[in-house]
Amino acid sequence: MTSDAYVKIYAVVRGIPRGRVMTYGAVARRAGLPGRARQVGYALHALPSKAEDVPWQRVVNAEGRISLADWEGGAGLQRSILEAEGVVFDRRGRIDLACYEWRPSGD
DNA sequence: AGTTTGACGCTCC
DNA sequence: CGGAGCGCCAAAC
């Protein structure tokens with residue numbers, strides 16, 4: 001899966017600073033894959049949990065929520081990491097994208 | 001090679 | 001605001 005698209009996706013995700021998050025759609029767009037948000041999720045899913053190079057935990061859906069349905073505690077893990085980075089979840093487990101969404105400047 | 005599935009997003013109701 | 005429907009596309013069957 002050494003697709004160029006994946007490389008771009010990882011590059012974008014890697015560029016998300018600590019304490020900030022990005023939506024799948026935004027990452028896809030930034031990676032040159034407009035409308036292929038699903039592909040982004042697929043790419044991240046293929047990542048090993050050890051991939052510290054790619055902060056997949058900083059990627060959430062357009063609602064500012066964690067997508068993982070009920071994978072091996074993945075959702076809980078992601079939330080824990082984000083909270084540890086300073087990201088605040090509201091009572092519904094949602095992130096305030098207006099404040100935490102990372103918008104790369106110069107684009 | 002056809003079908004199903006899925007870390008998504010947007011529109012409609 | 002929540003649920004349903006549809007579009008998108010790669011990987012798994």
Side-chain angles (χ1 to χ4, degrees):
Chain A
M1 51 179 86
T2 37
S3 303
D4 184 61
Y6 276 46
V7 177
K8 287 181 182 174
I9 291 172
Y10 297 147
V12 174
V13 176
R14 206 177 287 121
I16 305 175
R18 190 170 180 282
R20 282 284 205 294
V21 297
M22 222 170 154
T23 67
Y24 291 93
V27 172
R29 222 154 107 116
R30 184 86 178 135
L33 303 168
R36 277 119 198 126
R38 228 165 196 179
Q39 187 61 24
V40 175
Y42 216 89
L44 294 183
H45 187 219
L47 276 174
S49 45
K50 289 178 80 173
E52 295 175 30
D53 300 359
V54 184
W56 55 272
Q57 55 264 15
R58 290 178 194 152
V59 183
V60 296
N61 63 22
E63 289 180 39
R65 286 193 173 195
I66 293 174
S67 285
L68 301 133
D70 45 287
W71 175 54
E72 318 167 6
L77 173 65
Q78 178 170 8
R79 175 168 174 166
S80 299
I81 298 174
L82 290 178
E83 290 186 311
E85 297 192 345
V87 177
V88 179
F89 286 73
D90 67 13
R91 199 166 58 179
R92 277 213 211 129
R94 218 161 54 175
I95 299 172
D96 185 351
L97 292 178
C99 295
Y100 297 100
E101 182 175 30
W102 174 244
R103 318 174 176 181
S105 31
D107 190 40

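Everything numeric here is computed off the predicted structure, so don't read it as measured data. First the proteins, then the strands, lettered A, B, ... as listed; each starts at 1.
For the atom pair Glu85(A) CD and Gln57(A) CD, the distance stands at 6.0 Å (nearest 0.5 Å). Atoms CD and CZ, on Glu101(A) and Arg20(A) in that order, are 10.0 Å from each other to the nearest 0.5 Å.
In this structure, CG of Leu47(A) is placed 13 Å from P of dA11(C), rounded to the nearest angstrom. Atom CH2 of Trp56(A) is separated from atom C1' of dC8(B) by 17 Å (rounded to the nearest Å). Distance Asp4(A) CG to dA10(C) P: 13 Å, rounded to the nearest Å. One atom, CG of Leu44(A), and another, C1' of dA11(C), lie 15 Å apart when rounded to the nearest Å. If you take CD1 of Ile16(A) and C1' of dA7(B), they are 13 Å apart, rounded to a whole angstrom. What separates CD1 of Ile95(A) from P of dA7(B) is a distance of 18 Å, to the nearest Å. Across the protein-nucleic acid pair, Gln78(A) atom CD and dA7(B) atom C1' stand 8 Å apart, rounded to whole Å. Counting to the nearest Å, the P atom of dA12(C) and the NE2 atom of His45(A) are 10 Å from each other.
A heavy-atom distance below 4.0 Å to DNA chain B is reached by these residues of residues 18-29 of chain A, ordered by number: Thr23(A), Tyr24(A), Gly25(A).
A 4.5 Å side-chain heavy-atom check between Leu82(A) and Tyr100(A) finds every atom pair outside the cut-off. Two residues are said to be in side-chain contact when any heavy atoms from C-beta on lie closer than 4.5 Å; Val27(A) and Ile9(A) meet this criterion.
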Just the atom pairs and distances: protein N or O near nucleotides 1-5 of chain C's N or O, under 3.5 Å.
| unit_1 | atom_1 | unit_2 | atom_2 | d |
| --- | --- | --- | --- | --- |
| dG2(C) | OP1 | Arg92(A) | NH2 | 3.1 |

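Mapping Tyr42(A) and Arg38(A) onto DNA chain C by nearest heavy atom places Arg38(A) at the nucleotide closer to the 5' end.
Considering every non-hydrogen atom in both Trp56(A) and Ala51(A), the closest pair reads CD1-O, 4.4 Å. In terms of heavy atoms, Val60(A) sits closest to Gln78(A) at CG1-NE2, 3.9 Å.
Using modelled atom types and a 3.5 Å distance limit, the side chains of Gln39(A) and Tyr6(A) yield a donor-acceptor pair.
With Val21(A) as the fixed residue, the side chain to side chain contact (heavy atoms under 4.5 Å, CB included) test singles out one of Leu97(A), Ile16(A), Val59(A): Leu97(A). Partner of Met22(A) under the side chain to side chain contact (heavy atoms under 4.5 Å, CB included) criterion, out of Pro55(A), Pro104(A), Pro17(A): Pro104(A) alone.
In the set dC8(C), dC10(B), dA10(C), dA10(C) carries the atom at the smallest distance from any side-chain atom of Gln39(A).
For dC9(C), the OP1/OP2 oxygens have a side-chain nitrogen or oxygen of Arg36(A) closer than 4.0 Å.
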